[in-house]
Every structure is written in C-alpha cells, then in structure tokens.
**Student:** 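Input: one structure, supplied below.
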Amino acid sequence: MTRLEKCDLPVILLAAGQSRRMRGADKLLEEIDGVPLLRRQAEAACAATCGPVLVALPPPPHPRYQCLDALAVNRVPVTEADEGMNASLRTAFAALTDNPPAAMLLLADLPELTAQDLSSVFQAVDLGSETLIWRGATKDGKPGHPIVFASALFPAFAALKGDGGGREVVADADAHVALVPLPGDRARRDLDTPEDWAAWRAEQADGQ
C-alpha cells in the first residue's frame, strides 16, 4: 500500500465555463461570506495540498484572473473554452509537470466543498492498489466531486472532445473506482442559475 502521508499531488480547478445559465452574471464571481466562489475554491485547493494548483480559465482578459490575485496558483488559459468542459480537461492535464502519480480534478461551482473534504479524498488514495479513481460522493453514495485520477488515465484526457466532463474516462475505469463519502450533498451541490443561488442563500440563512 502506498498511502499519502503529506499530499503533494496537483489539483486541477476547472473554471473556464461561460456561466450561460446565469443570464449575464458570473456564478464563479458570486460571493460567499464576501469571497468570490472561484477564489474560495482555489484557497481550499491550496490548503489541501502542498503541490501545484492549476486553474483552467477562459482566455484573458477576464475578471476571473483578478479574483485569484496573490494566490499561489498556476493560471492555465483554455483557448478552446467555448467547446465545453473537455477542452479544459485536455488543456489542464497537458499542463501538468513533473509526472505526478495522480491528480485531483475539482469543479469550481460546488460551494459547499471544503478543504477538509478535499483532504478526505486525498487521504483515501492508495497508489499501490488497483484503484484508478478516488471520487467524492454524497452521504448516501451518489458519485460527485472532487475526483482523483491515477496517472495511468492521464493520456485518455488528450483525446476528449465536447462537453462530457471526462465521463468517458470514469466509465472506462469502471470497477477501479472508489467512492469517498463526504457530508451531506457537498459532492454534488452545484449552483448554475440565479434561482439556484437565491435558494441556496435562503437555506444558509435559515440554518444560521
């Protein structure tokens, strides 16, 4: 068994989408406790690993770059971002350096995930096992994010097209996927529309 004692694996944060369903607003710049969601996610990634954090972004100039100021992250422009999520995956995995044995993929629009959640998934990684994917899940076992991919799967991302979000890679790994339960629905709770944000903020206010 090869468990991670101190995580130095890279984290890829996908943040190149166009927020089309927000009707003119940018969901990744929506604030939570005064902090833009994208910066919050990047800070969580930095807290969970001492390895590199790569943030896939639309081509500059773009306001998302500014909200990452002073953070130790590698900004990775995705020139074909209009194509969909797979363009971000191709570009970000190609940008990895130093041949890491695995890498975490994190979506930027999951507001309930914490640095501890990322660490929990990292701690489940056993590089000496036959498992190829370690994936965050809801408390009742529904698969979600973040996802750690073993390096044996990295080449598969180079051929992805469209907006599948790497589902093909996960499906091909099949029996070699391990789920890591996280509290509540954190692993799947995304906010894509103004209505989603309003409902979520109302829930947070009710819970205080």
Side-chain angles (χ1 to χ4, degrees), residues 10-49 51-78 81-82 84-89 91-92 95 103-122 135-138 142-148 163 165-166 182-208:
V11 177
I12 292 172
L13 178 58
L14 295 188
Q18 296 185 8
S19 289
R20 289 189 178 97
R21 296 175 63 191
M22 287 292 290
R23 302 193 293 277
D26 188 338
K27 65 181 177 181
L28 300 188
L29 299 182
E30 291 286 326
E31 293 190 352
I32 299 174
D33 297 328
V35 179
L37 176 58
L38 174 55
R39 186 177 183 92
R40 178 184 179 279
Q41 300 296 79
E43 289 175 344
C46 290
T49 184
V53 175
L54 290 72
V55 185
L57 292 160
H62 196 285
R64 291 178 190 170
Y65 286 78
Q66 294 155 10
C67 86
L68 297 171
D69 285 350
L71 279 183
V73 299
N74 300 327
R75 297 159 177 79
V76 180
V78 181
D82 290 350
M85 193 181 295
N86 285 347
S88 294
L89 291 171
T91 303
M104 174 177 281
L105 178 65
L106 174 63
L107 300 184
D109 62 352
L110 299 171
E112 296 181 357
L113 283 179
T114 67
Q116 181 56 54
D117 294 330
L118 308 192
S119 294
S120 294
V121 177
F122 272 137
R135 183 170 191 178
T138 63
K142 295 178 181 177
H145 283 260
I147 306 176
V148 174
D163 198 33
L182 300 175
D185 293 323
R186 294 178 184 176
R188 291 171 64 97
R189 185 68 182 271
D190 60 355
L191 304 177
D192 290 328
T193 68
E195 292 77 14
D196 290 343
W197 276 95
W200 184 79
R201 287 188 169 118
E203 288 177 15
Q204 301 305 300
D206 289 343
Q208 293 179 354

**Student:** What distance do I12 atom CD1 and L107 atom CG have between them, rounded to the nearest 0.5 Å?
**Tutor:**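 Between I12 CD1 and L107 CG, I get 11.5 Å after rounding to 0.5 Å.
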
**Student:** Quick one: pull up CG in L105 and NE2 in H145 and give me the separation to the nearest 0.5 Å.
**Tutor:** 6.0 Å

**Student:** Is it true that the side chains of D117 and T114 contain a donor and an acceptor less than 3.5 Å apart?
**Tutor:** yes

**Student:** Do you know which two heavy atoms are closest between A56 and S88, and how far apart they sit?
**Tutor:**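 Taking A56 first and S88 second, the nearest heavy atoms are CB-CB, 4.2 Å.
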
**Student:** Who pairs with E43 by salt bridge (charged side-chain N to carboxylate O under 4.0 Å, His left out), at least two apart in sequence or on another chain?
**Tutor:** R39

**Student:** I'd like to check M22 versus P194 (side-chain heavy atoms, cut-off strictly below 4.5 Å). Are they in contact?
**Tutor:** yes

**Student:** Checking L13 against L38 for the side chain to side chain contact (heavy atoms under 4.5 Å, CB included) test, could you report, in this order, the C-alpha distance in whole Å, the side-chain angles of both residues, the deciding distance, and whether it holds?
**Tutor:** CA-CA 9 Å; L13 178 58; L38 174 55; 3.8 Å; yes

**Student:** Has N74 got a side-chain atom pairing as donor or acceptor with V55's backbone, closer than 3.5 angstrom?
**Tutor:**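 No; zero donor-acceptor contacts below 3.5 Å.
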
**Student:** Do you know which two heavy atoms are closest between G166 and N86, and how far apart they sit?
**Tutor:** N-OD1, 3.2 Å

**Student:** Mind checking the CG-CG spacing from D190 to D196? Nearest 0.5 Å is all I need.
**Tutor:**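 Nearest 0.5 Å value for the CG-CG distance: 7.0 Å.
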
**Student:** State which residues pass salt bridge (charged side-chain N to carboxylate O under 4.0 Å, His left out) with R189; sequence neighbours excluded, sorted by chain then number.
**Tutor:** E112, E203

**Student:** Whether the side chain of R188 engages the backbone of A137 through a donor-acceptor N/O pair (distance < 3.5 Å, no angle test) should be reported.
**Tutor:** no

**Student:** To the nearest 0.5 Å, what is the distance between CG on L182 and CG on L110?
**Tutor:**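 L182 atom CG to L110 atom CG measures 10.5 Å (nearest 0.5 Å).
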
**Student:** First locate atom CG of L29, then atom CG of L37, and finally report the distance between them rounded to the nearest 0.5 Å.
**Tutor:**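 Rounded to the nearest 0.5 Å, the CG-CG separation comes out at 9.0 Å.
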
**Student:** Determine yes or no for a side-chain-to-main-chain donor-acceptor pair under 3.5 angstrom, with R135 supplying the side chain and G144 the backbone.
**Tutor:**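 Side chain of R135 to backbone of G144, a donor-acceptor pair under 3.5 Å: yes, one is there.
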
**Student:** Any side-chain to backbone donor/acceptor pair from Q41 onto D109? Under 3.5 Å, distance only.
**Tutor:** no

**Student:** Which heavy atom in W197 sits nearest to a heavy atom in K27, and how many Å separate them?
**Tutor:** CZ2-O, 3.4 Å

**Student:** For the atom pair OG1 (T193) and CZ (R21), what is the distance rounded to the nearest 0.5 Å?
**Tutor:** 6.0 Å

**Student:** L57 and R64: which non-hydrogen atoms are nearest, and at how many Å?
**Tutor:**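 Smallest heavy-atom distance, with atoms named: CD2-CB, 3.8 Å.
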
**Student:** Any side-chain heavy-atom pair from M104 and T49 closer than 4.5 angstrom?
**Tutor:**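 No - every pair of side-chain heavy atoms lies 4.5 Å or more apart.
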
**Student:** Search all heavy atoms of A187 against all heavy atoms of G136 and return the closest pair with its distance.
**Tutor:**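 Result for this residue pair: CB-C, 3.9 Å.
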
**Student:** Please report the closest heavy-atom contact between P111 and I32, naming both atoms and the distance.
**Tutor:**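 Nearest pair, atom of P111 first, then I32: CB-CD1, 3.6 Å.
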
